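Throughout, numbering of the chain's residues begins at 1 and tracks the sequence. Read the numbers this way: they start at 1 and go in the same order the structure lists the ligands and their atoms. The model shown is predicted, which means the values in this text are computed figures rather than measured ones. For the numbers below, each heavy atom of this structure counts, side chains included, while hydrogens, waters and symmetry mates do not.
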Amino acid sequence: MTPQFLSDNNAGICPEAFAALTAANTGHAIGYGDDEWTPRAADAVRRVFDCDAPVYFVFSGTSANALALAQLARSTDAVIAHDFSHVNVDECGAPEFYSGGAKLLTLDTPHAKLTPASLAPRLVVHGVHASRPRVLALTQATELGTVYTPDELCALCAAAHAAGLRVYVDGSRFANAVAHLDCAPADIAHRAGVDVMTFGGTKNGLPSGEALIFFDASLADEFERRRKQAGQLASKMRFIAAPWTGVLADGAWLRHAAHANAMAQKLAAALADVPGAQFMAPTEANGVFVHLPKPVIAGLKERGWQFYVFVGDTGCRFMCAWDTPADAVDRLCADVVALARAA
Ligand SMILES: *Cc1c(COP(=O)(O)O)cnc(C)c1O
């Protein structure tokens with residue numbers, strides 16, 4: 001099968017996660033998290049973040065986002081997010097649904113990154129006719145493959161907190177952000193002021209499952225019931241939890257993310273020399289977002305390469321995963337160069 005670049009969630013399960021899954025598959029274990037693996041996985045997450053926050057596992061990123069936002073925003077509140085954010089465009093209204101009507105206030109800023117200045121007009125509390133801004137929702141790494149630095153996050157959190165908002169981070173690709181910044185995970189989490197965060201596993205080699213972390217433990221009140229109500233409390237929780245112990249034990253999570261990032265860098269470097277190629281954003285995480293000439297796109301598809309064209313009819317997204325082979329990137333680059341030359 002031709003290696004492809006559609007999405008990092010198209011990749012399989014990494015060996016470390018699979019080994020832990022197999023190890024957990026012996027005998028009976030009590031359900032709903034009262035097994036030996038779930039507390040071990042939660043402890044491993046806390047060690048990575050150097051904190052003692054409550055950690056909850058859920059099946060998907062959408063449920064993590066929606067339930068976290070519902071936890072932070074009442075039905076009369078508003079959540080500020082980027083136009084391109086997953087919570088805004090890719091969740092079929094789940095945050096609005098689970099919060100019972102909280103309104104998303106979105107902003108269109110460059111490279112899918114919000115800034116303190118861009119927030120200012122949204123932080124104003126209008127009269128009784130408008131929802132009250134209560135949460136700032138950020139994505140790390142962003143939907144355009146960019147990354148907030150610790151300083152940028154600190155400034156955003158400070159602006160949000162000063163206005164009485166809580167900060168939530170959709171960290172579906174948090175590992176890729178850490179790998180890019182080469183920082184301590186805590187530096188772009190609670191140390192920067194983030195209150196609640198999803199630490200993504202699915203896109204980084206886990207079979208499924210995301211870890212929701214309440215750095216401010218007071219915000220987790222009754223969250224266990226909210227998770228159950230939403231159908232996100234896994235009966236066989238050990239199989240969601242165990243893979244985490246596998247990838248967190250020896251830093252596999254970060255190695256895999258660094259590999260995916262490196263493959264994206266390699267691809268971006270080759271594309272930079274292609275006449276007509278225009279990057280939508282700098283390549284910082286594991287995706288390359290670039291406008292390519294139409295004949296090049298058609299030629300790549302003809303040769304069997306798979307990727308999404310999702311901004312107009314020339315804006316391409318190439319996602320790299322934990323298992324993207326370097327030689328596949330080389331062959332893709334060679335095809336792009338050849339097609340560009342012929343065009
Ligand atoms: C993939 C993704 C999610 C999670 O999506 P699910 O399909 O619900 O697991 C959340 N946020 C971002 C930015 C994503 O790319």
Side-chain angles (χ1 to χ4, degrees), residues 4-13 17 56-72 79-98 104 106-107 109 111-114 135-148 153 167-180 188-189 194 196-213 227 230-232 234 239-240 243-244 253 256-257 260-261 264 280-281 283-289 307-308 310-311 317-322:
Q4 46 86 7
F5 295 83
L6 282 173
S7 180
D8 33 4
N9 75 358
N10 287 196
I13 303 171
Y56 302 94
F57 297 100
V58 296
F59 290 101
S60 73
T62 298
S63 60
N65 286 340
L67 298 183
L69 293 176
Q71 189 76 4
L72 300 177
V79 174
I80 303 174
H82 195 277
D83 268 354
F84 295 174
S85 63
H86 201 271
V87 295
N88 186 41
V89 294
D90 279 321
E91 302 190 348
C92 198
E96 294 93 325
F97 178 78
Y98 279 101
L104 291 187
T106 65
L107 288 161
T109 41
H111 303 156
K113 285 171 77 173
L114 296 176
V135 186
L136 171 63
L138 305 170
T139 311
Q140 176 80 308
T142 73
E143 286 80 359
L144 282 184
T146 50
V147 171
Y148 290 99
L153 271 179
V167 180
Y168 170 70
V169 167
D170 170 354
S172 172
R173 298 191 178 90
F174 187 84
N176 303 96
V178 174
H180 170 71
I188 50 170
V194 174
V196 181
M197 192 192 107
T198 294
F199 183 24
T202 310
K203 298 220 168 93
N204 196 28
L206 262 57
S208 84
E210 316 282 286
L212 190 49
I213 313 170
R227 177 177 61 172
Q232 289 291 322
F239 298 117
I240 300 284
W244 284 98
W253 67 282
H256 290 322
N261 288 6
M280 289 179 250
T283 304
E284 295 175 342
N286 59 323
V288 180
F289 297 78
F307 52 95
Y308 286 113
F310 81 123
V311 177
R317 182 185 91 155
F318 297 89
M319 289 307 295
C320 298
W322 69 269

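Looking at N286, T202, N204 one by one, the single match for side-chain contact (heavy atoms from CB on, under 4.5 Å) with D8 turns out to be N286.
There is no side-chain donor-acceptor pair under 3.5 Å between E210 and T198. H86 and E91 form a side-chain donor-acceptor contact under 3.5 Å, judged by distance and modelled atom types alone.
Closest to atom 9 (O) of ligand 1, if we only count protein heavy atoms, is G61 N, 2.9 Å. In this structure, atom 11 (N) of ligand 1 lies nearest to the protein heavy atom D170 OD2, 2.6 Å.
Among the atoms of K203, some N or O lies under 3.5 angstrom from an N or O of ligand 1.
Residue contacts with ligand 1 for N65 involve side-chain atoms from C-beta outward but no N, CA, C or O (heavy atoms, distance under 4.0 Å). Residue contacts with ligand 1, taken as heavy atom pairs separated by less than 4.0 Å, involve R173 solely via side-chain atoms from C-beta onward.
Using the six-membered ring where Trp is involved, F199 and W253 have ring planes that are perpendicular, over 60° apart on the 30 and 60° scheme.
Side-chain atoms of R317 come within 3.5 Å of backbone atoms of L6 as a donor-acceptor pair (strictly under, hydrogens ignored). At distances below 3.5 Å, not a single donor-acceptor pair connects side-chain atoms of H111 with backbone N or O atoms of K113.
Close contacts of ligand 1 with S60, meaning ligand atoms under 4.0 Å from a residue heavy atom, involve 8 (O), 9 (O). Close contacts of ligand 1 with S172, meaning ligand atoms under 4.0 Å from a residue heavy atom, involve 1 (C), 2 (C), 3 (C), 10 (C), 11 (N), 12 (C), 14 (C), 15 (O).
Counting only non-hydrogen atoms, the option in T139, T142, T62 that gets closest to atom 7 (O) of ligand 1 is T62.
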